[in-house]
Amino acid sequence: MKVEEKRKTGMYESVMHQFNNAAEVMGLNPEIKKILAATNNEIVVHFPVKMDDGKIQVFTGYRVQHNNALGPYKGGLRYHATVDIDAAKALAMWMTWKTSLAGLPYGGGKGGIQLDPSKYSTAEIERITRRFTHALGDNIGPDYDIPAPDVNTTAQMMAWISDTYMSTKNPLERSRFAHVVTGKPVGSGGLEGRDRATGFGVVVSIQAWADWKKTTLKDKKYIVQGFGNVGHWASLFMKEKGSILTAVQDASGTIYNPNGIDPQELLEYTQTTKGNVAGFPKAEAIDPSLFFGLDCDILIPAALGNQITDENADSIKAAVIAEGANGPISPEGESILSKKGIEIIPDILCNSGGVIGSYYEWLQNKQGEIWSIEDVIGRLEKQVLTSFKKVVDAASEYKTDFRTAAYIVAIKRIELTYNQRGVFP
Ligand code: GLU
């Protein structure tokens, strides 16, 4: 999760390029296109936090709410040096398409703070997170805008957000607000299985792709960029399919073993290195610039946006790219991949397991229920497969690629709502 973003403002260009392309292919009503091309609210907060040395530092936090035609804004908060208003806008738009495609009663939002969390103590991160929550105030809420984990944010941080938000409410109503955030730890209203939901969904969609291609995942070689929550869980589930992990890249380095890297052993190693893969003894360190060109069948980018660009797309050998990350391929990179016949399982489908898990958590909290992990995993698999089928059908109806097809399914659902409700007043 620590691979540096190639170009800072590129993600917004990417999402607009994808949206404009889909709007053209589907013949989107130009009036509705105007609405969806804009973000509803862009919130920027500056807030002071006391550091461990007693000094005050002022942080800038973002929350962009793109669209809520289908329900409350939904999407993660990331803590990373690349967070800015353009990144938050792009990521919020992707959430709108993702929740719509998944058939959830949500819109899209995203936010975060521009910081490198490894530079702060746990106590500082707790105060930063609580103060950010306080600064956002009623810009978030369980029926209005529901954050969740994203790059560098954890279940523990979600528990702090939930506790801070609840603590500012009338004590008699406190528990009505626990689901202001999802991705909480299981002991604090979190969902069993939410931790693995994104990685699991990635592998369900890769399996669906393999079934559609009438092939199997057994003995297929795959490489993963990012070994955070998405990358490591996806690798563990790929292992269950009998696939072979041959290389992993993160900000600390790139490791390679053509005979296979055991994801479980690598996970245990990274638990001793603050998450870094560099130095794993059962693989060799290679030059990071060689990573995308490595021989493999499946490439799983599971780190940051704009990693696959015109600079490296031509070297890619994989038959399919499964987008665990949001926006990992730039439009220029994508056009090269398409000429090479490389298929893409688009982010808004491929990594939708996370927000689907969030939806189950939110429902569980609202209804005072506790779901078993078997229920969660079973429902999740069915729901991702349903989306996959919708995308395959739209791709054949519109004679287009999976990304454009996924956008069309997502946008149609929102278009229908606007057509039925009209625009106030
Ligand atoms: N951050 C995740 C995503 O990009 C999950 C969002 C959520 O659960 O709300 O989809």
Side-chain angles (χ1 to χ4, degrees), residues 1 11 14-15 62-68 70-80 82-83 87-113 140-155 157-158 161-162 179-185 189-191 193-202 204-205 226 228-231 233-234 301-305 322-328 345-365 376 380 383-384 387 406 410:
M1 290 280 196
M11 288 196 295
S14 295
V15 72
Y62 302 89
R63 185 71 182 170
V64 171
Q65 298 164 335
H66 170 238
N67 186 277
N68 62 348
L70 296 175
Y73 302 106
K74 185 84 192 82
L77 292 174
R78 63 171 63 178
Y79 288 180
H80 196 270
T82 57
V83 173
K89 279 167 71 171
L91 291 159
M93 289 182 119
W94 272 315
M95 286 310 304
T96 302
W97 318 139
K98 196 185 300 184
T99 53
S100 177
L101 173 63
L104 305 180
Y106 289 142
K110 189 74 109 204
I113 309 175
I140 58 172
D143 293 308
Y144 181 61
D145 183 356
I146 308 139
D150 198 85
V151 174
N152 289 336
T153 49
T154 60
M157 296 176 200
M158 300 306 118
I161 294 174
S162 166
H179 52 301
V180 62
V181 70
T182 57
K184 300 179 290 293
L191 182 82
R194 175 64 185 83
D195 53 356
R196 70 210 66 185
T198 311
F200 178 73
V202 167
V204 169
S205 67
N229 179 267
V230 181
W233 277 111
L304 294 168
E323 294 185 326
N326 293 311
I345 309 175
D347 45 11
I348 61 171
L349 168 65
C350 188
N351 70 39
S352 63
V355 73
I356 296 172
S358 279
Y359 170 58
Y360 299 160
E361 178 173 327
W362 183 76
L363 276 184
Q364 173 185 277
N365 293 160
V376 171
L380 195 53
Q383 203 156 348
V384 174
S387 299

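In this text the structure is predicted, and so the values were computed from the model without any measurement. Indexing begins at 1, ligand by ligand and atom by atom, following the structure's order.
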Problem - Under 3.5 Å side-chain donor-acceptor pair for Ser358 and Arg194 - result: yes
Completion exercise
Closest to atom 9 (O) of ligand 1 (heavy atoms only, candidates Arg78, Arg194, Lys74) is Lys74
Completion exercise
Among non-hydrogen protein atoms, atom 1 (N) of ligand 1 lies closest to Asp150 OD1, 2.7 Å
Exercise for the section: Give me the one residue out of Arg63, Lys110, Lys74 that meets salt bridge (charged side-chain N to carboxylate O under 4.0 Å, His left out) with Asp145. Expected result: Arg63
Practice task
Would you check if the side chain of Trp94 reaches a backbone N or O of Gly108 as a donor-acceptor pair within less than 3.5 Å?
Solution key: no
Exercise for the section: Determine, using heavy atoms of Gly75 and all atoms of ligand 1, whether some pair is separated by less than 4.0 Å. Expected result: yes
Practice task
For Met95, counting its heavy atoms only, list the atoms of ligand 1 lying under 4.0 Å from any of them.
Solution key: 3 (C), 4 (O), 6 (C), 10 (O)
Practice task
Among all protein heavy atoms, pick the one closest to atom 7 (C) of ligand 1 and tell me residue, atom and distance.
Solution key: Ala148 CB, 3.3 Å
Exercise for the section: Would you confirm whether Asn68, through its side chain, and Tyr144, through its main-chain N or O, come within 3.5 Å as a donor-acceptor pair? Expected result: no
Handout entry: Lys98 neighbourhood, listing ligand 1 atoms whose heavy-atom distance to it stays under 4.0 Å
Key = 3 (C), 4 (O), 10 (O)
Exercise for the section: Using a strict 4.0 Å cut-off to heavy atoms of Ser358, name the atoms of ligand 1 that fall inside it. Expected result: 7 (C), 8 (O), 9 (O)
Handout entry: Stepwise side-chain contact (heavy atoms from CB on, under 4.5 Å) test for Lys89 and Val15
Key = CA-CA 9 Å; Lys89 279 167 71 171; Val15 72; over 6 Å; no
Practice task
Using distance alone, decide if ligand 1 has a nitrogen or oxygen within less than 3.5 Å of any nitrogen or oxygen in Asn326.
Solution key: yes
Handout entry: Where ligand 1 meets Lys110 - atom numbers and elements under 4.0 angstrom, heavy-atom basis
Key = 1 (N), 3 (C), 4 (O)
Problem - ligand 1 versus Thr198: contacting region, heavy-atom distance under 4.0 Å - result: neither
Problem - Gln383 side chain reached by Val204 side chain, heavy atoms, under 4.5 Å - result: no
Fill in the blank from the handout: Under 4.0 Å between heavy atoms, the region of Pro149 that gets near ligand 1 turns out to be backbone
Practice task
Please test Leu77 against Met157 for side-chain contact (heavy atoms from CB on, under 4.5 Å), starting from the C-alpha separation and ending with a verdict.
Solution key: CA-CA 10 Å; Leu77 292 174; Met157 296 176 200; over 6 Å; no
Problem - Under 3.5 Å: donor-acceptor pair, side chain of Glu323, backbone of Cys350 - result: no
